[in-house]
Amino acid sequence: MFNKHNEDKNNPFEDENFKAENSEKEDNKKQEEPETPENKEEAPVKNDENKNTETLQAELDSLNNKYLRLAADFDNFRKRQMQERESLLKYGAEDTLKKIITVLDTFERAKKSVENMSECEKVKESYDVCVKQLYDTLDKIGLKKIDAKGEEFDPNLHEAVMQTPTNDYPANTVIDELQTGYKLFDKVLRPVFVNVATEAPENDNEQKEEQ
């Protein structure tokens with residue numbers, strides 16, 4: 001009678017040694033199998049990442065160098081500006097003083113010319129020449145006198161230090177200049193100190209009419 005157990009036992013394909021040999025061959029076969037594209041994907045990704053990192057680092061170094069150069073240029077510019085400003089504050093009046101020096105020369109000559117003079121008229125003429133030259137020089141520089149007498153009072157140009165009730169002038173009119181005022185071009189350096197007319201009381205008008 002057919003005995004399946006005996007057949008399996010005598011089956012050479014079920015031999016343990018045979019199984020071990022087949023298993024070893026399969027492992028060797030797997031190891032010898034060439035790498036598939038799927039296995040090779042990891043390497044290019046790593047290479048791309050390295051290249052990107054190197055590119056970004058190069059760009060960062062370039063920007064950093066540009067920043068350092070820009071910072072150095074700005075620092076030098078700031079130092080030059082400070083030096084120019086200090087020089088302007090220190091020597092800004094140079095051209096003005098050069099013009100005034102010529103007036104001082106005239107004063108010196110006038111002083112010598114009147115040392116032995118006894119006539120007041122000659123002294124007055126020398127003085128007038130010096131003063132005129134001084135004012136002409138200052139006018140070229142931009143310094144101008146502010147005319148006030150007879151003008152309507154202007155708080156931007158005049159400073160009222162006196163008020164006189166009178167009917168000889170319209171109210172709010174500058175009667176007299178007590179101290180000269182000056183402008184540098186359009187800027188007021190010092191206002192004119194003035195005496196301003198105000199309306200006279202009615203009693204004064206009646207007294208004048210009676211007289």
Side-chain angles (χ1 to χ4, degrees), residues 66-202 204-205 208:
K66 289 180 180 179
Y67 168 76
L68 292 176
R69 288 196 298 269
L70 182 62
D73 292 341
F74 177 77
D75 187 58
N76 292 333
F77 170 77
R78 182 179 59 82
K79 290 178 180 178
R80 286 196 302 271
Q81 289 293 101
M82 289 180 62
Q83 292 175 354
E84 291 176 1
R85 183 174 179 274
E86 291 176 358
S87 178
L88 180 62
L89 292 175
K90 189 174 183 179
Y91 302 108
E94 181 178 353
D95 292 339
T96 300
L97 294 176
K98 283 181 179 179
K99 293 180 175 65
I100 294 178
I101 285 173
T102 58
V103 181
L104 295 177
D105 293 338
T106 303
F107 271 99
E108 292 293 334
R109 288 193 294 268
K111 180 181 177 182
K112 291 179 179 180
S113 66
V114 298
E115 283 179 352
N116 300 321
M117 285 185 182
S118 56
E119 298 180 10
C120 293
E121 201 60 37
K122 293 290 184 183
V123 175
K124 183 178 179 298
E125 289 177 3
S126 298
Y127 172 80
D128 290 341
V129 170
C130 292
V131 172
K132 184 179 184 306
Q133 185 181 6
L134 176 61
Y135 276 108
D136 289 344
T137 301
L138 294 175
D139 185 75
K140 292 177 182 177
I141 295 170
L143 186 71
K144 300 180 183 298
K145 292 175 64 176
I146 300 175
D147 295 327
K149 189 173 182 178
E151 301 289 335
E152 184 177 359
F153 177 76
D154 184 351
N156 297 316
L157 302 174
H158 313 141
E159 184 172 338
V161 295
M162 288 183 62
Q163 291 183 339
T164 301
T166 179
N167 291 319
D168 296 334
Y169 295 91
N172 212 37
T173 301
V174 176
I175 299 174
D176 195 13
E177 298 179 9
L178 305 178
Q179 181 173 281
T180 304
Y182 295 95
K183 290 194 303 183
L184 179 60
F185 298 107
D186 295 330
K187 182 179 181 179
V188 176
L189 297 181
R190 187 179 72 185
V192 190
F193 289 0
V194 296
N195 182 8
V196 182
T198 59
E199 293 183 2
E202 295 181 357
D204 292 345
N205 294 337
K208 286 184 178 180

| message | Assess the residue pair Leu189 and Leu143 against the criterion (side chain to side chain contact (heavy atoms under 4.5 Å, CB included)); give the C-alpha distance rounded to whole Å, side-chain angles, the decisive distance to 0.1 Å, and a yes or no. | response | CA-CA 9 Å; Leu189 297 181; Leu143 186 71; 3.5 Å; yes
| What is the distance from atom CD of Glu86 to atom CD of Gln81, rounded to the nearest 0.5 Å? | 12.0 Å
| request: Flag the pair Val192 / Lys149 as yes when at least one side-chain heavy-atom distance between them is below 4.5 Å, and no otherwise. | output: no
| field | Parallel, tilted or perpendicular: ring planes of Phe153 versus His158, cut at 30 and 60 degrees | value | tilted
| field | Derivation and outcome, side chain to side chain contact (heavy atoms under 4.5 Å, CB included), residues Ile175 and Met162 | value | CA-CA 10 Å; Ile175 299 174; Met162 288 183 62; over 6 Å; no
| field | Crowding at CD, Glu125 (>12 non-hydrogen neighbours, <6.0 Å) | value | yes
| message | Working to the nearest 0.5 angstrom, can you tell me the gap between Thr173 OG1 and Asp168 CG? | response | 11.0 Å
| Do Ile100 and Leu138 touch side chain to side chain, with heavy atoms closer than 4.5 Å? | yes
| field | Spatial distance of atom CD (Glu151) from atom CD1 (Ile146) [nearest 0.5 Å] | value | 11.5 Å
| remark: Heavy atoms of Ala197 and Pro170 approach each other most closely as CB-O, 3.7 Å
| field | 4.5 Å side-chain heavy-atom contact, Arg85 and Met82 | value | no
| request: Taking Thr137 for its side chain and Gln133 for its backbone only, find out whether a donor-acceptor pair lies under 3.5 Å. | output: yes
| Near Asp186 CG, under 6.0 Å, is it more than 12 heavy atoms from other residues, nucleotides or ligands? | no
| said: Between Lys145 and Tyr182, is there a side-chain heavy-atom distance shorter than 4.5 Å? | reply: yes
| said: I'd like to know if Lys79 pairs up with Asp75 as an ion pair, taking the criterion as any Lys NZ or Arg NE/NH1/NH2 lying under 4.0 Å from an Asp or Glu carboxylate oxygen. | reply: yes
| request: Determine, for Asp128 against Lys124, whether the closest basic-nitrogen to carboxylate-oxygen distance falls under 4.0 angstrom. | output: yes
| request: Working to the nearest 0.5 Å, report the span between CD of Glu199 and CG of Asn167. | output: 8.5 Å
| said: Looking at Glu177 and Ala148, would you say the former's side chain and the latter's main chain have a donor-acceptor pair under 3.5 Å? | reply: yes
| query | OG1/Thr180 to CG/Asp147 distance, rounded to the nearest 0.5 angstrom? | reply | 9.5 Å
| task | State plainly whether the residues Asp136 and Lys140 are in salt-bridge range, i.e. N to O under 4.0 Å. | result | no
| task | Enter the distance from Cys130:SG to Arg109:CZ here, rounded to the nearest 0.5 Å. | result | 8.5 Å
